[in-house]
Structures are given as C-alpha cells and as structure tokens.
Peer 1: 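Starting off with a structure, shown below.
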Amino acid sequence: MPAAIAYPLAALAEIAGCFAIRAWWRLGASTLWIVPGIAALVAFGWLLAQVETVAAGRAFAAYGGVYIAAAVLWMWLAEGHKPDRWDLLGTAVCLLGATIILAAPRGS
C-alpha cells in the first residue's frame with residue numbers, strides 16, 4: 001500500500017483510538033468506548049505495517065510527520081482550536097522531513 005494512502009488512514013485510526021481511550025479515562029464516557037478504541041489502534045498498527053520500506057524504523061519515522069499534521073487538523077476540526085502560524089509552520093517542517101525520509105534516493 002502506498003504511504004500516501006496508508007499514513008493518513010493510520011493517523012486517523014491512531015487518533016480515533018487514542019481519543020476513545022481519552023473519552024473513557026478523562027471525559028467520563030462509558031467503558032464501551034475502549035472496544036472501538038482498541039480496534040482503531042489495531043487498525044493503526046496494521047496500516048502502518050503496509051508501507052513498503054526496507055527498514056520499519058524509516059516507515060515509523062516518516063509517519064511521525066503525517067501524524068503531527070493529522071493531530072493539528074484534529075485540534076482544529078474536532079476540538080475547535082484553530083492552528084496558529086507556528087502550528088502550521090511546524091507541521092510543514094515535519095511533512096517536509098517525512099517526505100525527505102521516504103523519497104530520498106538511497107544507494108545499495
């Protein structure tokens with residue numbers, strides 16, 4: 001699966017899973033929230049494992065930039081806190097880093 005598909009889906013699954021646990025733990029939601037939370041976190045792990053790369057660490061490192069972008073988007077759309085210019089600049093730097101990690105030419 002191409003990283004351009006796997007990473008955004010993995011980020012959505014990771015944030016959904018973590019939010020479900022947070023909703024139960026911090027917001028007083030039913031313990032039933034844990035079930036879809038765990039399912040989402042399993043989906044996150046599976047999606048991240050679908051990225052083709054020689055080293056898993058490289059896939060995980062590049063994913064970090066996408067996760068940061070998704071978290072800032074979540075902050076804005078789900079929590080109602082509009083990102084400021086520093087959030088946006090930091091996100092852009094992280095996405096640039098992720099692109100460099102994944103797309104850099106590598107010698108054998």
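Remember, predicted model here, so these are calculated numbers, not experimental data.
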Peer 1: Say you draw a straight line from CG of Asp84 to CG of Leu89; how long is it, rounded to the nearest 0.5 Å?
Peer 2: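 The CG atom of Asp84 sits 10.0 Å away from the CG atom of Leu89.
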Peer 1: Provide the closest heavy-atom pair for Pro83 versus Met75 in the form atom of the first, atom of the second, distance.
Peer 2: CA-CE, 3.8 Å
Peer 1: With sequence neighbours excluded, give me every ring pair (Phe, Tyr, Trp, His ring centres under 6.0 Å) pair touching residues 66-92.
Peer 2: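 Pairs touching residues 66-92 that pass the test: Phe19-Trp74.
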Peer 1: Under the rule for side chain to side chain contact (heavy atoms under 4.5 Å, CB included), what residues qualify as partners of Ala70, not counting sequence neighbours?
Peer 2: Ala11, Ile15
Peer 1: Keeping to residues at least two apart or across chains, list the side chain to side chain donor-acceptor pair (under 3.5 Å) pairs with something in residues 34-44.
Peer 2: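 Listed once each, the pairs would be none.
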Peer 1: For Leu96, which fellow cluster members are found when Ile, Leu, Val, Met, Phe, Trp and Tyr are connected by side-chain heavy-atom distances below 4.5 angstrom, either directly or through intermediates?
Peer 2: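 Hydrophobic cluster check, Leu96: joined to Ile100.
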Peer 1: In a table with atom names and distances, give each donor-acceptor pair under 3.5 Å that connects a side chain of residues 24-52 to protein atoms at least two apart or in another chain.
Peer 2:
unit_1	atom_1	unit_2	atom_2	d
Ser30	OG	Leu32	N	3.0
Gln50	NE2	Trp46	O	3.0

Peer 1: Which heavy atom of Gly65 sits nearest to which heavy atom of Leu95, and what is that distance?
Peer 2: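 For Gly65 versus Leu95, the nearest heavy atoms are O-CD2, 3.6 Å.
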Peer 1: In the hydrophobic cluster built from side-chain contacts under 4.5 Å, what are the other members alongside Val54?
Peer 2: none
Peer 1: Holding to side chain to side chain donor-acceptor pair (under 3.5 Å), I want the full list of residues that pass it with Tyr63, two or more places apart in sequence or in another chain.
Peer 2: Glu14
